Amino acid sequence: MGATGTAQARLKAARVALWLFVAVLAVRQVAAVLSTPKADRLTDLETWVGPNGVLHVNGSLYDSTQFTGTPFGGLVLKPLTRAAEQALGWGWTFGSLLLVVALGAVAARALPKPVTRRSSLLAAPVAISLLMLSLPVRNALHLGQTSIIPVLLVLLGCFVAREERAAGALIGLAAALQPTVLLFAPLLWFTGRRRAAASAGITFAACTALAWVTMADDSYTYWVHHMGGVGLGGAADDLANQSLHGALLRLGVEGPLEITLFLVLGAGVAVLGLRRAVRYAQDGQLLLAVAITGCAAIAVSPTTWQHQLLWLLLAVVGRVGKRASDRYMWPVAVVIVMTLPAKMVIPNMGALYPVRDNIVLLAAIAAATVVPFLSRTSEHYRRPIPTDYAAPVPARFKRVPLLPFMRRVLTRPNLLLELLLIRVTYAAYQKVRLAATGGTTTGGRSTAEANGHQIHDIEKFLHIDIEHWVNHAVVKVDWLRNFFDFYYTSFHFVVPLSVLGVLYWRRPVDYRWARASLGFATLLALIGFWLYPLAPPRLMPGLGVIDTVHGVQDFSKPDYGTLTALTNQYAAMPSLHFGWSLWCGLVIAIVAPKWWMKALGLLHPFFTVSAIVATGNHWVLDAVGGAAVVLAGFGLSYVFMGPRARTVVAAAEKDDEPQLTSAATSRN
């Protein structure tokens, strides 16, 4: 009884915390409008009330350079936006937030049954939070777009309306606002809701006819001249257009070939998507079926702007993977794609630009056609293959680990999920590191140089100010200079990634422990960059240190060429060049089975500290700071997760998972 009460209390606390988070997000959105100066308060409604917005256009709706909706949308929503203008914009923002809350509540209610009590209580605030954080909702709130309404109407028609004709009318109304929503009519038809399908078609036709009667010129412009909105708004090849049409144009395909490919590929995605949607609807996963149909609509629409991409976020309800460790891959990937800029998800490499520029489209097509969502009849739908955990290792301290649920996992984590999280984490690290000292501002430079003098004075007091001597000694020996330059620029990423790769494949239980330690160390280093901007020796005027890697720097220019645009030049304390290398050396020394392997691993931090000093990129004390954050990272890993679980892995591994031959429980 006590355990049950504790569990209920934790569930209640989690629910309250989530709803508070929702409230904070909502208040932030409203505050962003109300805190704007009165003269600029309507900028979030640019599409409607801006200088070229619909409300200020005397002739056709499409004389505006911003409006991309249907004539019926302009007919119905124009009076509402007039009211929003009179309310100085906050009414529109507040109303849009209410639509988001309603959308999240309906989506949570539509989860496939059976739903656990925990899921039912937490689903609504989680769904609303994800929606508010998503790029489509943020974009819609910023521009004053109405793309939330069609999604909400479809969900109301599918999950709230009990009478088929009413359900179809809601979906037909949504199609009148966003024509590709008509794809839901075949879904209704093939799932036995034929009255709803007919009602949807009739409602769409009636709304379109009404707009045609009252706004004949606008209707002709939209449906005939622009072929259902094609060409309205921004250029069709703009990155914001995440449709097959936009992707083909970005790939350089034009003319009749592009039109043919678009029609063929669009028809294929629509047919495959609808077949899968019907199958999952008949399986009792109607919300997933709705998401799949919406993802197909994203692809087949000639223009699908960023604020029209909410359908993909609904696809998080699909379950993928037989193992428990694989279950989080798909929802995490969707949430990342829908909340973060594409540049943070895909590396900035020319060969990957087609993927980066079309990442939402590719995810939508994958959801509609190939992602193997589990059927509810599958034995793994509710009971995935459980994760194996190592026996807990006794700790020296009573309250260690602080997070006992973070047990040591014996099996490998999902590789795709690991790669995605590593990429996103590193992209976030780069952004924080670049912003830590205010970039190239004069204040940032003067502070960094003042701190540089402070470090130099401390080193002189300790008699370890060897940077100038080492730098000039190395410069005189060409092969040594080239060696340290190569070591500095090449091994910083290669060695840590190699260590992680080997641990992932050969020692999964050590992989998680080592990865957590590295993450904690990097987080502490970011705090150091933020609190203590520091100019390295090579950027200290008058010190005479030669920059052997980047070349001669012009100290009269705060940006030192274009280098600071790529990375924060004053993120020197602590040195992660040395910190990451020390992490590599210690991990190898701990897990390697042979003494010579341990010695070889420890050589890496030795060569790295020599390189960072010889090339003028760090002070000696920077290396001390790097060592401090690494040791603190290992310490935090110990405190939160407990001692490292030592295991011996069988040499012969035929299965996908490593086979443990023994487990020693000793203090670490």
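As the structure is a prediction and not an experimental result, all values here were calculated from the model.
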Check: W330 ring centroid to F373 ring centroid under 6.0 Å =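 Aromatic pair counts; centres sit under 6.0 Å.
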Is it true that W513 and F520 have ring centroids separated by less than 6.0 Å?
->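 Not under 6.0 Å, so no.
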Are the side chains of [X] and [Y] in touch, meaning some heavy atoms are under 4.5 Å apart?
{"X": "F184", "Y": "V290", "answer": "yes"}
{"X": "L420", "Y": "L416", "answer": "no"}
{"X": "L274", "Y": "F190", "answer": "no"}
{"X": "R515", "Y": "V587", "answer": "no"}
{"X": "L244", "Y": "I365", "answer": "yes"}
{"X": "L314", "Y": "W311", "answer": "yes"}
{"X": "V151", "Y": "Q308", "answer": "no"}
{"X": "V495", "Y": "W580", "answer": "no"}

Within this structure, what is the [atom1]-[atom2] distance for the pair [X] and [Y], rounded to the nearest 0.5 Å?
{"X": "R423", "Y": "I346", "atom1": "CZ", "atom2": "CD1", "value": "8.0 Å"}
{"X": "L131", "Y": "L103", "atom1": "CG", "atom2": "CG", "value": "5.0 Å"}
{"X": "H245", "Y": "L265", "atom1": "NE2", "atom2": "CG", "value": "13.0 Å"}
{"X": "M344", "Y": "T425", "atom1": "CE", "atom2": "OG1", "value": "8.5 Å"}
{"X": "L582", "Y": "L576", "atom1": "CG", "atom2": "CG", "value": "11.5 Å"}
{"X": "H604", "Y": "C584", "atom1": "NE2", "atom2": "SG", "value": "4.5 Å"}

Check: [X] side chain, [Y] main-chain N or O, donor-acceptor pair, under 3.5 Å:
{"X": "R276", "Y": "V371", "value": "yes"}
{"X": "S378", "Y": "L374", "value": "no"}
{"X": "R507", "Y": "V502", "value": "no"}
{"X": "T522", "Y": "L518", "value": "yes"}
{"X": "Q306", "Y": "P136", "value": "no"}
{"X": "S637", "Y": "G633", "value": "no"}
{"X": "R319", "Y": "H380", "value": "no"}
{"X": "Y504", "Y": "L415", "value": "yes"}

Would you mind telling me which of D357, D238, N358, N241 makes a side-chain hydrogen bond (donor to acceptor under 3.5 Å, both in side chains) with R250?
->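 Option passing the side-chain hydrogen bond (donor to acceptor under 3.5 Å, both in side chains) with R250: N358.
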Return the set of residues passing side-chain hydrogen bond (donor to acceptor under 3.5 Å, both in side chains) with T369 (not counting sequence neighbours), or none when no residue passes.
->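 Not a single residue meets the side-chain hydrogen bond (donor to acceptor under 3.5 Å, both in side chains) criterion with T369.
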Charged tip of R109 within 45° of F159 ring normal and under 6.0 Å |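 Negative - R109 is either too far from the ring of F159 or too far off its axis.
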Identify the heavy atoms of [X] and [Y] that sit nearest to each other, and give their distance.
{"X": "C158", "Y": "I171", "value": "SG-CD1, 4.0 Å"}
{"X": "S129", "Y": "F21", "value": "OG-CD2, 3.4 Å"}
{"X": "R193", "Y": "G157", "value": "NH2-O, 3.7 Å"}
{"X": "V629", "Y": "A525", "value": "CG1-N, 4.3 Å"}
{"X": "W583", "Y": "L500", "value": "CH2-CD2, 3.7 Å"}
{"X": "S375", "Y": "Q285", "value": "CA-NE2, 3.9 Å"}

With side chain to side chain contact (heavy atoms under 4.5 Å, CB included) as the test, would you mind laying out the steps for R356 and V345 before giving the verdict?
-> CA-CA 8 Å; R356 185 193 69 184; V345 184; over 6 Å; no
Under the salt bridge (charged side-chain N to carboxylate O under 4.0 Å, His left out) rule, collect the residues that match up with D326, sequence neighbours excluded.
->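 With sequence neighbours excluded, D326 shows a salt bridge (charged side-chain N to carboxylate O under 4.0 Å, His left out) to R323, given in chain and number order.
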Is any side-chain N of the basic residue among K322 and E379 closer than 4.0 Å to the acidic one's carboxylate O?
->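 No, this pair does not count.
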In terms of side-chain heavy atoms, does S243 have a donor or acceptor partner in W305 at a distance below 3.5 Å?
->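 The answer is no; no qualifying pair exists.
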Would you mind telling me which of L188, T180, L187 makes a side chain to side chain contact (heavy atoms under 4.5 Å, CB included) with T293?
->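 With T293 as partner, side chain to side chain contact (heavy atoms under 4.5 Å, CB included) holds for just one option, L187.
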Give the intermediate values and the outcome of side chain to side chain contact (heavy atoms under 4.5 Å, CB included) for residues L631 and L586.
-> CA-CA 10 Å; L631 295 177; L586 292 177; 4.3 Å; yes
Audit row: L340, V335, side chain to side chain contact (heavy atoms under 4.5 Å, CB included) steps and yes/no | CA-CA 8 Å; L340 298 179; V335 170; over 6 Å; no
Would M329 and V320 satisfy side chain to side chain contact (heavy atoms under 4.5 Å, CB included), going step by step from the backbone distance to the final call?
-> CA-CA 8 Å; M329 172 58 204; V320 181; over 6 Å; no
Using 30° and 60° as the class limits, which term best fits the ring planes of Y426 and F493: parallel, tilted or perpendicular?
->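 It falls in the perpendicular class, over 60°.
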